[in-house]
Amino acid sequence: MSDGQSRPEHDGSAGVRELDALVIGAGVSGLYALHRLRGMGLTVRVYDRAGEVGGTWWWNRYPGARVDYPGGPFYCYTFSEELVRAWDWVERQPDQPSVLTYLNHVADTFDLRRDIQLHTTVQSAVFDEAAQRWSVETSDGERISAQFLIAAVGTLSAPNKPDIPGLDDFAGEVFHTGNWPQEERVELAGKRVGVIGTGSSGVQVIPHIAREAEHLTVFQRTPQFALPARNQPLDPELVRDSKENWGEVRRQIREYGRPLHMVPSTRSVHEDSEEERLAVFEDAWQQGGLALRECYRDLLTDPVANGYVSDFVRAKIRETVQDPAVAAKLMPDYYFATKRQVMDEGYFETYNRDDVTLVDLRDEPIETFTADGVRTTEGEYPLDVLVLATGYDAITGALRRINPVGRDGLQLEEKWAAGSRTYLGLSIVGFPNLFMFHGPESPSVMFHQFYGTESQGDWMATCIAHMREHGLATIEPVPEAEAAWGAEVQERANRTLYPQTDSWFTGANMPGKPREFMVYIGGSQYHQHLHELAANGYDGFVFEPARSVAPVTQA
Ligand code: N01
C-alpha cells in the first residue's frame, strides 16, 4: 500500500501474510477499526487471544459485572443510525451478557468475523525500516507483514496479579475478575471465599459473592467513595425519542462525552449556604450514578469543595453500616472522585451481614498466603476460594506487554521506562505507522468510550487515505510535538485534584510504574483538535514516501 495500492493478502513465496493493517484486539475499538478500514478497501485482519469478540466484555464475566455508568440507551456505537435503531437496551446500566450480545450483534451486522482470528496472541511486532512495514508474529507461528499496526488492546485488559508472599502456595481456587472462567459456572455455595480489592470490580462482585458463599472475607487496602448506581429499566419514551433524534443525541455525546442528562453543573459550591449545599448533595445522591460528582463545578478542583462532598458521603456510609467499628474501616480518606468513580448496588449493606468479615489491610497487612488461606499480622483466615479484584496495569500495560520494537531497535518498554510518551495518545516517536486506540495521554476512559473509538478510528482512516493519495509510506510524530503534548496533558491534569490521589490513572497501583497522569482531561476539545489537525495538514507529524524519495516534513 506504500505505493498507493493494496497488496494481496498472501505473499506465497515467503509464507508471510501481507496486510495493509493489522489490528490487535477484537473489542469495541478493534471491531470499529476493522469495519472502518476494510470499508475503504484496505486488507485488514484482527487478532485476539480471546475465544470470542468483545474484549473486556468477554473477559469480565464475574457475577455482578455490568456497565457501572448510566450509559443507556447510549452505551453503543453512535456512527450508524441503523445500528442504533436495531438495538434496544433494557436497563440504564446494561449487564455484561447484554453488552457481549450487543458486540456480537455488531460483528454479525457488519460481517466482521471473516477477518477476525481468535485464540491468537500477537507475540511480537518489529518495525522493518527497509520495508517500511511492521513484521508481526503470532502465538500460532504465523508471520504477517502489515503497513499499519493498530493497537486496540484495551485500557483495562492487562490484569494485575499482586506479588503477595505465598500466593502460589494457596491450595484453593484463585480467580481474577478480569479473567473469569468462561465455560463453567464458578460454584461458591458452601465455600469460604476471600476477595482482595475494593475498586469497581470488587464493589460489584462482593454483594453477589456474599449472597452465595458460606462466608466472605473482604481484604481492603483502600476504602472507596462508592456511590449508589440506582440502575433502573430504561424509560421507553427516552429510548424512542433518542432514536428519532439520533443526530442530536450524537451531537451531545460528541460535545459532552456523556448523555445530556449528565451535563455537569456550572455552579460553585461556594455560591450556596450549607443547607442549600446539603440539599443539592442529597438530591444528587437520590438520583444516583455520577450525579453527585457533577452537582457542582468545583468538586474536583477545589479541596474545600471536595471536603464538603467527601464528608457527605462518609456520613452516608456511617448511616448504612450498622457496626460503627466496621463503618470506621470503610471511611475513605482520599479526595472524593479522584479515583475512577465506583458505583455500587448494595455494597455497604453487605457489611451488615453476619457471614461477611471486613479486614482492613492498613491495620493488619497480609504476611503470607498458606495452603489453607491468608495469614495477616493479626490472625489466620481460612479460605477455599480467592477472588483477586486487584485491577489492571491500566492504559499502557497491554501494549507494553507486547513490547513493539520501533526504529533502531527501540523497544516500547525502554521508550516508556520513565513514563508514557505519545503524540495525541495515538502515535509514538520512533514507532512509525503504529496507531493506538485510547492510548495514554488520550481522553480514553474519561470520555464516551464508543464515540472516542469512532473519532480516533475516523482520524486513522482519514490519515491513511491521505497517505494513499500522496504515495506516502510512513507517518510518525516529531519529538517536539510529543513533548508539547505530554506537557499539555500534565498541565490540564494539574488543574484538578486527580494527580494527588494514588490510582490507576496515575500508575500508582502498579509497583514500579512511573507516576504520571495518563488521561487527557477535556475530551471534546481533544476530538475537535484531532479533526482540525487532519484538515490542516497533520501538524506535528512527519511522513516518508516510499524509500529513495526525500521525507516530507509537516511539523
Ligand atoms: O481495579 P482497581 P478494578 N493488596 O484498580 C486493590 C473498570 N471497571 O478492577 O486502592 C491489597 O480500581 C486496590 O487497592 P488500592 C473501571 O474503570 C469497569 O476494580 O490500590 N489490595 C483496589 O482496591 C475501574 O476503575 C466496570 O489501595 C490490592 C483494588 O485492588 C477499572 O476497571 C467494572 C493490591 C483494585 O481496584 C479497574 O477496576 C469493573 C494488593 N497487593 C471495572 N493490589 C464496568 O463498568 C491491588 N489492590 C462494568
Side-chain angles (χ1 to χ4, degrees), residues 28 54-72 75 91-100 154-167 175-180 194-206 208 217-226 229 231 289-290 330 332-334 337-345 347 358-369 374 376 386-395 397-398 438 444-447 449 501-513 518-519:
V28 169
T56 197
W57 293 104
W58 187 78
W59 293 99
N60 282 265
R61 51 181 76 205
Y62 57 84
R66 65 169 62 247
V67 176
D68 64 347
Y69 157 99
Y75 194 78
E91 291 176 287
R92 202 163 75 153
Q93 297 163 37
D95 62 11
Q96 176 269 336
S98 312
V99 182
L100 192 59
T155 48
L156 295 152
S157 54
N160 167 32
K161 184 181 173 203
D163 186 15
I164 301 176
L167 187 51
F175 304 106
H176 192 288
T177 47
N179 191 4
W180 201 258
V195 174
I196 301 183
T198 52
S200 300
S201 307
V203 166
Q204 281 188 334
V205 82
I206 282 166
H208 288 263
T217 308
V218 176
F219 298 92
Q220 169 197 264
R221 188 165 67 183
T222 305
Q224 284 286 353
F225 283 109
N231 183 31
L290 290 177
L330 289 165
D333 59 3
Y334 60 92
T338 52
K339 283 177 181 279
R340 199 276 197 169
Q341 186 56 54
V342 172
M343 300 290 160
D344 92 88
E345 285 180 283
Y347 172 68
L358 176 64
V359 175
D360 186 345
L361 296 177
R362 296 168 304 177
D363 289 345
E364 47 170 317
I366 294 176
E367 281 184 345
T368 187
F369 270 84
V374 184
T376 69
L386 173 68
V387 174
L388 295 171
T390 44
Y392 300 88
D393 183 352
I395 303 183
H438 303 297
S444 64
V445 292
M446 289 192 177
F447 202 76
Q449 196 72 8
T501 295
D502 287 348
S503 69
W504 58 258
F505 291 145
T506 62
N509 66 323
M510 296 297 294
K513 192 166 176 172
M518 291 189 286
V519 185

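Whatever order the structure lists them in is the order used to number ligands and atoms, beginning at 1.
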Taking only non-hydrogen atoms of Tyr75, do any sit less than 4.0 angstrom from ligand 1? no
Suppose we screen for side-chain contact (heavy atoms from CB on, under 4.5 Å). Which residues come up paired with Asp68, at least two apart in sequence or across chains? Ser200, Gln204, Arg340, Met343
Under-4.0 Å heavy-atom contact with ligand 1, by part of Lys339 that carries it: side chain
Using the ring centroid of each side chain, check whether Tyr392 and His176 are separated by less than 6.0 Å. yes
Which protein heavy atom lies closest to atom 29 (C) of ligand 1, and at what distance to 0.1 Å? Ala389 O, 3.3 Å
Distance-only N or O hit between ligand 1 and Gln204, under 3.5 Å: no
Closest protein heavy atom to atom 36 (O) of ligand 1, given as residue, atom name and distance to 0.1 Å: Gly199 CA, 3.5 Å
May I ask which of Pro365, Ser201, Pro223 has a heavy atom nearer to atom 38 (O) of ligand 1 than the others do? Ser201
Main chain of Gln93, side chain of Asn231: is a donor-acceptor contact present, judged purely on distance under 3.5 Å? yes
Between Asp163, Asp95, Thr222, Asp502, which one has a non-hydrogen atom sitting closest to atom 27 (O) of ligand 1? Thr222
Closest heavy-atom pair, Trp59 versus Gly178, reported as atoms and distance to 0.1 Å, is CB-O, 3.3 Å
Leu361 heavy atoms within 4.0 Å reach ligand 1 at atoms 11 (C)
Identify the closest protein heavy atom to atom 43 (N) of ligand 1: which residue and atom is it, and at what distance? Arg221 NH2, 3.5 Å
As a check for students: among Tyr334, Trp504, Phe219, identify the option with a heavy atom nearest to atom 2 (P) of ligand 1. Trp504
Nearest non-hydrogen protein atom to atom 1 (O) of ligand 1, with distance, is Gly391 CA, 3.1 Å
What atoms of ligand 1 come within less than 4.0 Å of a heavy atom belonging to Arg66? 44 (C), 45 (O), 48 (C)
Using a 4.0 Å cutoff against the non-hydrogen atoms of Thr198, which atoms of ligand 1 qualify? 22 (C), 23 (O), 29 (C)
Atoms of ligand 1 less than 4.0 Å from Leu156 heavy atoms? 7 (C), 17 (O), 31 (C), 32 (O)
Side-chain donor/acceptor of Ser444 to backbone N/O of Val519, under 3.5 Å: no
Can you tell if the side chain of Tyr334 reaches within under 4.5 Å of the side chain of Gln224, non-hydrogen atoms only? yes
Identify the two heavy atoms, one from Pro63 and one from Trp180, that lie closest to each other, and give their separation to 0.1 Å. CD-CZ2, 3.6 Å
Which residue and heavy atom of the protein sit nearest atom 6 (C) of ligand 1, plus the separation: Gly197 CA, 3.7 Å
Protein residue, atom and distance nearest to atom 41 (N) of ligand 1, heavy-atom basis: Pro162 CB, 3.3 Å
If only atom types and distance count, is the side chain of Tyr347 paired as donor or acceptor with the main-chain N or O of Gly202 below 3.5 Å? no
side-chain hydrogen bond (donor to acceptor under 3.5 Å, both in side chains) partner of Thr338, the single match among Thr506, Asp502, Thr501: Thr501
Identify the residue among Thr155, Asn509, Asn160 that makes a side-chain contact (heavy atoms from CB on, under 4.5 Å) with Trp504. Asn509
Side chain, backbone, both or neither: which part of Tyr62 comes within less than 4.0 Å of ligand 1 when only heavy atoms are counted? side chain
Just which atoms of ligand 1 are under 4.0 Å from any heavy atom in Ile196? 11 (C), 21 (N)
With heavy atoms and a 4.0 Å threshold, my read on which part of Asp68 contacts ligand 1 is both
Residues Ala394 and Leu156: closest non-hydrogen pair is CB-CD2, 3.8 Å
Looking only at protein heavy atoms, identify the closest one to atom 8 (N) of ligand 1 and say how far it is in Å. Ser200 CB, 4.0 Å
Do me a favour and list the nearest non-hydrogen protein atom to atom 17 (O) of ligand 1 with residue, atom name and distance? Arg340 NE, 3.1 Å
Looking only at heavy atoms, what is the nearest atom pair of Thr177 and Tyr62, with distance? O-CD2, 3.3 Å
Just to verify, which of Thr390, Val374, Val195 counts as forming a side-chain contact (heavy atoms from CB on, under 4.5 Å) with Phe219? Val374
Contact partition for Ala65 relative to ligand 1, non-hydrogen atoms under 4.0 Å: neither
